[in-house]
Protein chains: 2
Amino acid sequence: MATRGRPGPRRTLTEDELLDAALQLLDEGGQASIRGIAAKVGVAPNAVYTYFPDKSAVIAALIERLLGDADTGGFADESRPWRERIEALALDLRANLVAHPGAGALLMSGPMDGPRTTALNERLLGLLIDAGLDPADAARSTYLLIVYVLGSIALEVADETDPGPLPPEDARVARRRATYDQIPAEVFPRSAAAGPTMARFITTEQYLWGLRRILDGIKG
Amino acid sequence: MATRGRPGPRRTLTEDELLDAALQLLDEGGQASIRGIAAKVGVAPNAVYTYFPDKSAVIAALIERLLGDADTGGFADESRPWRERIEALALDLRANLVAHPGAGALLMSGPMDGPRTTALNERLLGLLIDAGLDPADAARSTYLLIVYVLGSIALEVADETDPGPLPPEDARVARRRATYDQIPAEVFPRSAAAGPTMARFITTEQYLWGLRRILDGIKG
DNA sequence: AAATAAATTGTACGGTGTACAGAGATAGTG
DNA sequence: CACTATCTCTGTACACCGTACAATTTATTT
C-alpha cells in the first residue's frame with residue numbers, strides 16, 4: 001500500500017523516446033525488438049522494462065501511436081458530409097500506417113483494445129448514428145469499416161521487410177529453395193485477364209473504391 | 001546443370017507430417033516454431049530445412065493448408081445463387097481458421113500469394129464475372145471480399161494464445177504492470193450504449209451481416 | 001547526513017532461426 | 001559386387017530474442 005508516498009529519482013528516458021526508437025527500427029526494416037530499442041537509445045536491454053512491463057505493452061503503445069489521433073484531419077471537420085469524413089479518416093490511417101513497413105503485421109498481431117482504438121471506434125460510431133443509422137447497425141458497420149481499413153492496410157504492408165543484400169547462402173540451401181519455388185503454378189486465365197488483384201500493393205483508388213462499396217452497402 | 005540424373009535416398013518424413021506437427025503445436029496454443037515442429041516429429045531442428053527453405057516457407061505452406069480447397073463445400077455447388085455460394089465459402093474459411101488459434105496472426109504476417117490463395121481469388125473472380133459484374137469491378141470486389149473475410153478472422157482470432165499459468169512474476173514487474181494498466185480509461189458512452197463492437201470475438205451473425213453489406217455494395 | 005525509492009546495469013537462462021560440416025543411408029552405375 | 005553420386009539427418013555453433021534476479025547508481029524526501 002505504499003504507506004507514505006516517498007518520491008523518486010532521476011528519469012532521463014521517456015516512453016516516447018523508446019517508441020521513437022522502435023519506430024525508427026521499423027522504418028529501417030528492423031524488428032522493433034526490446035534489445036534493438038534499448039541499443040538505439042543507448043541503454044541496457046532491461047532498462048526498457050522500467051517503462052513497459054513487457055514487449056506486448058511496447059507493441060500496444062506503438063500501435064496507439066501509429067493510429068494517431070482520430071480527432072485531427074479531415075475527420076474532425078463536422079461540417080463535411082459523413083461519407084467524406086470517413087474517407088478522410090481512412091486515408092489518414094492509411095497514410096500513417098503505410099509509412100512504416102511492418103506496422104501492418106504489428107496491427108494484426110494483437111487485440112485491438114487500446115484507448116486510441118476504442119476512441120476511433122467511438123468516433124466512427126457517433127458519426128454513423130448521427131448519419132441516421134440505427135445504433136445496432138451503426139455498431140456493426142463500425143466493425144466492418146475498421147476491419148476493412150486495418151485489414152487492407154495490413155495485407156498491403158505485410159512483409160515488406162527488406163530481404164537485404166542476400167548474403168552468400170549455402171549452396172545446398174539454394175538448391176532446396178530452387179526446388180521449393182517450383183510450385184505447380186497452374187494458369188489462372190481469369191485473374192490474368194482482369195489484371196492484378198491480389199497484388200501486395202493496391203492503389204489509393206482501389207482502396208477508396210472498396211471503402212465506398214462498403215459505405216454503399218451500409219447506407220443502402 | 002545436374003548433368004546425369006542420379007537419384008536418391010531414403011525419405012521417411014514428408015512435408016505434410018511437418019505441417020501436421022505445426023498445426024498440432026498451434027492447436028496446443030504453441031508457436032509453430034521450427035524447433036517445435038522438429039521436436040514433435042522427433043528429429044533434429046535443422047532436419048526441417050530439408051523440406052522447407054526457411055520458416056516463412058513453412059508458414060506459407062501452413063496457410064495454404066488452412067485455407068483448404070476452395071472447390072469443396074457450398075461454394076462448389078454451382079446451382080445455388082452466387083450470394084449464397086460466397087456466403088458458404090466465407091463460412092467455410094471462417095470455420096477452418098477459427099478452429100486453430102494463432103492462424104489469424106499467421107495469415108496477416110506475410111504476402112498472400114500462394115497457389116491456394118490464388119486459386120481462391122480466381123474462383124471468386126469467376127463467380128462474380130458470371131454474376132454479371134464487369135471484370136474490373138469483379139477484380140476489385142474480389143479483393144474487397146478477401147480483405148473482409150481474412151481480416152475479420154485475423155482480428156477475431158488474434159492473440160488468443162493462452163497466457164498460461166502466469167508464473168510468480170517479479171514483484172517489481174508486477175508493480176510496473178499495475179502502473180501501466182492504469183490507462184486514462186475515459187468513458188465512451190456511445191460504445192457502451194450500442195453494445196460490444198470491438199470485441200475480440202464476433203458472432204457468426206455479425207460476420208455474415210458485414211459480408212452481406214459488402215455484397216449489397218458490390219451489386220448495387 | 002541518512003534513509004528511501006526509483007532507474008539502470010551485469011549476468012544469466014531458455015528460447016528462436018539457421019549456417020556449416022560431417023555421418024549415414026540409398027540408389028544407379030561400372 | 002564395389003563404387004560413387006546423392007540425398008537425409010545430426011552435431012555443433014552463432015547470433016539474436018524476451019526477460020528474471022540481484023546489485024549498483026542516482027535523486028529526492030526526511
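What you see is a predicted model; the values in this text were computed from it and never measured. We name chains A, B, ... by the order of the sequence lines, and we start the count at 1 in each one.
Atoms CD (B/E15) and P (D/dC9) sit 11 Å apart, rounded to a whole Å. One atom, CZ of A/F52, and another, C1' of D/dT19, lie 16 Å apart when rounded to the nearest Å. Rounded to an integer number of Å, the gap from CG of B/N46 to C1' of C/dT16 is 13 Å. If you take NZ of B/K40 and P of C/dT16, they are 12 Å apart, rounded to a whole angstrom. One interatomic measurement links the two molecules: CD1 of B/I34 to P of D/dC14, which rounds to 21 Å at whole-angstrom precision. Remark: P of C/dG14 and CD of B/Q31 are 18 Å apart, rounded to the nearest angstrom. The NZ atom of B/K55 sits 14 Å away from the C1' atom of D/dC16 (whole-angstrom rounding).
The backbone N or O of B/Y207 lies less than 3.5 Å from a partner atom in the side chain of B/Y148, making a donor-acceptor pair. Side-chain atoms of B/D54 come within 3.5 Å of backbone N or O of B/A57 as a donor-acceptor pair.
Under the 4.5 Å side-chain criterion, counting only non-hydrogen atoms from C-beta, A/L211 is in contact with A/L145.
Around atom CD of A/E17, more than 12 heavy atoms belonging to other residues, nucleotides or ligands sit under 6.0 Å away.
Heavy-atom nearest nucleotides on DNA chain C were determined for B/G36 and for A/L13, and the one closer to the 5' end corresponds to A/L13. Residue-to-nucleotide proximity on DNA chain C shows that, of A/A44 and A/R35, the 5′-proximal contact is made by A/A44.
Listed candidates were C/dT8, C/dG17, D/dG18. Nearest to the side chain of A/Y49 is D/dG18.
At least one side-chain nitrogen or oxygen of B/S33 sits closer than 4.0 Å to the OP1 or OP2 atom of C/dT16. Here B/Y51 reaches the OP1 or OP2 of D/dC9: one of its side-chain N or O atoms lies under 4.0 Å away. Checking the phosphate oxygens (OP1, OP2) of D/dC9, a side-chain nitrogen or oxygen of B/T12 falls inside 4.0 Å.
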